[in-house]
Asks: 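Structure in structure tokens, see below.
In what follows, chains are A, B, ... by sequence order, proteins preceding strands, each numbered from 1.
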Number of protein chains: 2
Amino acid sequence: MSECGFVYSFATVMETTDISVKEHIIQTATRLFHEQGYNRTGINQVIEEAGVAKASLYYHFPSKEDLCVAYMQRRADNWVNGLEEYLKNVDDPRERLVKTFDYRAIHLKNNQFGGCSYIKIISELPQRGEKIDEKVLGIKEKQRKFFHDLTRKLAGIEKKSAAVLADKIFLLFDGGTVQCQVYRDTAPLKIAKKAVMDLLDEYW
Amino acid sequence: MSECGFVYSFATVMETTDISVKEHIIQTATRLFHEQGYNRTGINQVIEEAGVAKASLYYHFPSKEDLCVAYMQRRADNWVNGLEEYLKNVDDPRERLVKTFDYRAIHLKNNQFGGCSYIKIISELPQRGEKIDEKVLGIKEKQRKFFHDLTRKLAGIEKKSAAVLADKIFLLFDGGTVQCQVYRDTAPLKIAKKAVMDLLDEYW
DNA sequence: ATCCATGTAGACAGACTTGTCTGAATGTGG
DNA sequence: CCACATTCAGACAAGTCTGTCTACATGGAT
């Protein structure tokens, strides 16, 4: 098989391209876990599609649970990086809030309306493994903080009002996300965006 | 074993108590699927805890997927019946809307903050089996219609405004539900309720 | 009287799962 | 030069899963 040669030559290139075996595993797992679900994706499929040996996976990740944590972190990084790029020329906090919902719709569409990775994971693992639980709560809290930071920057808003507003927007964010997943359509997020704009108009 | 005798005598009683073997299976599956998740609950556990034979399960349900549909229908029935009971003396549509969020919090707490069964199912089965997809969309559409019917009854509201308002409330409903699932707390639904009350105040 | 619906118990097939282990190869750093 | 980190291939263990099947029991309806 030429595949073997490919893999080995690939490994030599890897330092220059910075796509290591570990990175291949994370990327493959991130794709498969999100598209097929965590429970329905076996380790064997991950290593096969990543083109790595099983021992290599377990060398980098002691268990599937650890790979799951890396998957969620990668999803979070991708989201934050994509959003920052999308908002790079937007300064007004009001506009940043609204455009976040635009980007959310784009992001969900680009991800086959798979919904929120973290809500999906806790839906698949109701018993809450410690590491996974911690990761989900940490990421969700960062999402919440994002909205709180933005509303606090709105001109002339009181601190308490900003917090209430942020929590409402966060609810619309998650509500829009899961409804887009259910309906496989961006319509719910458009309504959520409209709701956010109406909320912001109240504060002028 | 006395168990055998128990089972058989149970079967004879079943017509009077109206708790058939099929009903036992549905109740057990409804509990286990919601608490443990659909994928993580095996047929063998269902029949064991229901106290029925495997052949009996497959006599009533051709496949696990069919049992899943029955599970979702049962969850929907339980929700609607519980809500109707909770709202039986509440006539004002505004109050019915707000109290629906109160009942949602009670319901989630009573169900170990397991979240929305239908969102969980589509999170576990991303490929969307035909029967399951149809069921989830049907139930979600009924939930949506519930809010639309109520907002239309608000005094002096325009038809279009009522529709927009209902969709916003529905977003807060689902957002509150999944966030309660994440945080294992009713706090998000309290914020959602407050958001609904604020929305309703706009329409006086 | 006999058929049929409904129920029991439990073995079995065939596939899947996670994780371990053996044994070898490669390239780099000390 | 040798030790170490990293990677390969793939067998294996020990368990899970869904669904099928055999063989039998029971009670009501025709």
Side-chain angles (χ1 to χ4, degrees), chain A residues 1-16 18-26 28-29 32-33 36-69 71 124-125 127 129 131-132, chain B residues 1-26 28-29 32-33 36-69 71 124-125 129 131-132:
Chain A
M1 280 286 192
S2 63
E3 272 192 345
C4 192
F6 164 74
V7 170
Y8 277 87
S9 68
F10 184 87
T12 39
V13 175
M14 105 198 170
E15 278 106 38
T16 55
D18 209 4
I19 302 285
S20 61
V21 165
K22 183 172 183 177
E23 179 63 20
H24 263 286
I25 294 169
I26 292 180
T28 306
L32 292 176
F33 285 173
Q36 304 182 346
Y38 174 69
N39 282 327
R40 300 174 74 86
T41 302
I43 289 292
N44 292 325
Q45 190 186 4
V46 174
I47 61 166
E48 190 183 334
E49 298 203 15
V52 303
K54 184 177 278 195
S56 299
L57 188 147
Y58 279 100
Y59 176 79
H60 291 288
F61 303 97
S63 71
K64 195 186 177 188
E65 191 184 0
D66 293 279
L67 184 56
C68 182
V69 172
Y71 148 69
E124 288 202 66
L125 304 175
Q127 85 298 350
K131 292 178 194 167
I132 290 174
Chain B
M1 284 285 191
S2 63
E3 272 193 344
C4 192
F6 164 73
V7 170
Y8 275 88
S9 68
F10 184 87
T12 39
V13 175
M14 102 198 172
E15 277 105 38
T16 55
T17 57
D18 207 6
I19 302 287
S20 62
V21 165
K22 184 172 183 177
E23 178 63 20
H24 264 284
I25 295 168
I26 291 179
T28 305
L32 293 176
F33 285 172
Q36 305 183 345
Y38 174 69
N39 283 327
R40 299 174 75 84
T41 302
I43 289 291
N44 291 327
Q45 189 185 7
V46 174
I47 62 168
E48 189 183 333
E49 297 203 15
V52 303
K54 184 177 277 194
S56 299
L57 187 148
Y58 280 100
Y59 176 79
H60 291 290
F61 304 97
S63 71
K64 194 186 177 188
E65 191 184 0
D66 293 278
L67 183 57
C68 181
V69 172
Y71 149 68
E124 288 203 65
L125 305 175
K131 292 177 195 168
I132 289 174

Asks: In whole angstrom, give the distance that lies between atom CD1 of B:Ile47 and atom C1' of C:dA11.
Replies: 12 Å
Asks: Distance check: side-chain N/O of A:His60 vs OP1/OP2 of D:dA5, anything under 4.0 Å?
Replies: no
Asks: Measure from NZ or CZ of B:Lys22 to the centre of the six-membered ring of B:Phe61 and say whether it is under 6.0 Å with the direction within 45° of the ring axis.
Replies: yes
Asks: Without decimals, in angstroms, what is the distance between A:Asn44 CG and D:dG15 P?
Replies: 18 Å
Asks: Taking only the side-chain heavy atoms of B:Ser63 (C-beta and beyond), determine which of C:dT17, C:dA9, D:dG19 contains the nearest atom.
Replies: D:dG19
Asks: Could you tell me how far apart A:Ile43 (CD1) and D:dG10 (C1') are, to the nearest whole angstrom?
Replies: 16 Å
Asks: Of B:Ala55 and B:Tyr58, whose nearest nucleotide on DNA chain D comes first from the 5' end?
Replies: B:Tyr58
Asks: Taking only residues two or more places apart in sequence, or in another chain, which ones meet B:Lys131 in a salt bridge (Lys or Arg N to Asp or Glu O under 4.0 Å)?
Replies: B:Asp66
Asks: Counting distance alone, no hydrogens or angles: does the base of D:dG19 have a donor or acceptor under 3.5 Å from a partner atom on the side chain of B:Lys54?
Replies: yes
Asks: What is the distance, to the nearest angstrom, from the NZ atom on B:Lys22 to the C1' atom on C:dT8?
Replies: 19 Å
Asks: Starting from C1' on C:dC16, measure out to CZ on B:Arg40 and report it in whole angstrom.
Replies: 15 Å
Asks: Check whether any side-chain nitrogen or oxygen of B:Ser56 sits under 4.0 Å from OP1 or OP2 of C:dG7, and answer yes or no.
Replies: no
Asks: Going by salt bridge (Lys or Arg N to Asp or Glu O under 4.0 Å), name the residues that satisfy it together with A:Glu49, two or more places apart in sequence or in a different chain.
Replies: A:Arg31
Asks: Tell me the interatomic distance from B:His24, atom NE2, to C:dT8, atom P, rounded to whole angstroms.
Replies: 10 Å
